[in-house]
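Here the structure comes first, spelled out in structure tokens, and everything after it is commentary.
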Amino acid sequence: MLDAVVYLVDAYDKERFAESKKELDALLSDDSLATVPFLILGNKIDIPYAASEEELRYRMGLSNFTTGKGKVSLSESNVRPLEVFMCSIVRKMGYGEGFKWMSQYIK
Ligand SMILES: Nc1nc2c(ncn2[C@@H]2O[C@H](COP(=O)(O)OP(=O)(O)OP(=O)(O)O)[C@@H](O)[C@H]2O)c(=O)[nH]1
């Protein structure tokens, strides 16, 4: 079984959000991934016109599904950990926080 899924979205390529949402939805509804933590990374925030975190969350249909940043214990619940972190891979920023968040849910 997978420990986690890291899903990277190009936050600058707004025209492809619908396509990206479709792919993500397929993964989210895959029974074999039902309890697997999902880290959604919105990349390329160094570009001024890139989507904000809020816009990305909305466009990906995740507004009501993120489980909270920081230390949030979900082990007592059936809730799958899912969060959105914005990053710039070329600037080497943002994803570290995401991976740190994710690591608390990996046994
Ligand atoms: N400005 C910026 N450019 C980036 C960043 N990360 C990757 N790129 C650049 O984006 C270009 C295209 O790479 P990707 O977006 O990863 O392309 P891809 O997802 O493999 O291909 P597509 O499916 O066609 O989008 C490359 O030139 C990368 O260097 C980033 O954080 N900021």
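Everything numeric in this text was worked out from a predicted model, so none of it was measured. Atoms within each ligand, like the ligands themselves, are counted from 1 in listed order. The analysis underlying the following values was restricted to heavy atoms, covering all of them including side chains, and did not include hydrogens, waters or symmetry mates. In this chain, residues are counted from 1 in sequence order.
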Nearest protein heavy atom under 4.0 Å from [atom], yes or no:
| atom | answer |
| --- | --- |
| atom 32 (N) of ligand 1 | yes |
| atom 16 (O) of ligand 1 | no |
| atom 26 (C) of ligand 1 | no |
| atom 8 (N) of ligand 1 | yes |
| atom 19 (O) of ligand 1 | no |

Nearest neighbour in protein (non-hydrogen) for [atom]:
| atom | result |
| --- | --- |
| atom 1 (N) of ligand 1 | Asp46 OD2, 2.8 Å |
| atom 24 (O) of ligand 1 | Arg16 NH1, 3.7 Å |
| atom 11 (C) of ligand 1 | Lys44 NZ, 3.9 Å |
| atom 30 (C) of ligand 1 | Val90 CG2, 3.3 Å |
| atom 6 (N) of ligand 1 | Asn43 ND2, 3.0 Å |

Geometric N/O contact Asp13 with ligand 1, under 3.5 angstrom
no
Any N or O on Ile89 sitting closer than 3.5 Å to an N or O of ligand 1?
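Yes, Ile89 has an N/O under 3.5 Å of an N/O on ligand 1.
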Evaluation steps, side-chain contact (heavy atoms from CB on, under 4.5 Å), between Leu28 and Arg80: CA-CA 10 Å; Leu28 290 171; Arg80 175 217 332 258; 3.8 Å; yes
(message) Suppose I only count heavy atoms of Ser88 and a 4.0 Å limit; which atoms of ligand 1 are within that range?
(response)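 Ligand 1 atoms under the 4.0 Å threshold to Ser88: 31 (O).
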Would you mind running through ligand 1 and noting each atom that sits below 4.0 Å from a heavy atom of Ile47?
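Heavy-atom distances to Ile47 below 4.0 Å select 1 (N).
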Open item on the list: For residues Ile40 and Val5: do they belong to one hydrophobic cluster (side chain heavy atoms under 4.5 Å, members Ile, Leu, Val, Met, Phe, Trp, Tyr)?
Closed with: yes
One should read off an interatomic distance between Leu74 CG and Thr35 OG1, to the nearest 0.5 angstrom, of 12.0 Å
* Least distance between heavy atoms, Val6 atom then Met102 atom ->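 That would be CG2-SD, 3.8 Å.
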Might you point out which heavy atoms bring Ala4 and Ile106 nearest each other, and give the distance in Å?
->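 So the two residues come closest at CB-CD1, 4.0 Å.
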**Message:** So for atom OH, which belongs to Tyr95, do other residues, nucleotides or ligands contribute more than 12 heavy atoms lying within a distance under 6.0 Å?
**Reply:**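 Yes, enclosed.
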inquiry  = Any side-chain to backbone donor/acceptor pair from Trp101 onto Val84? Under 3.5 Å, distance only.
reply    =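 Absent.
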(request) Check the pair Lys69, Glu97 against salt bridge (Lys or Arg N to Asp or Glu O under 4.0 Å), reporting the backbone distance first and the verdict last. (result) CA-CA 9 Å; Lys69 296 184 180 181; Glu97 288 83 351; over 6 Å; no
Check your understanding: Going through the distances and angles, do Tyr49 and Lys14 end up as a side-chain contact (heavy atoms from CB on, under 4.5 Å)?
Key -> CA-CA 9 Å; Tyr49 291 106; Lys14 299 186 181 187; 5.6 Å; no
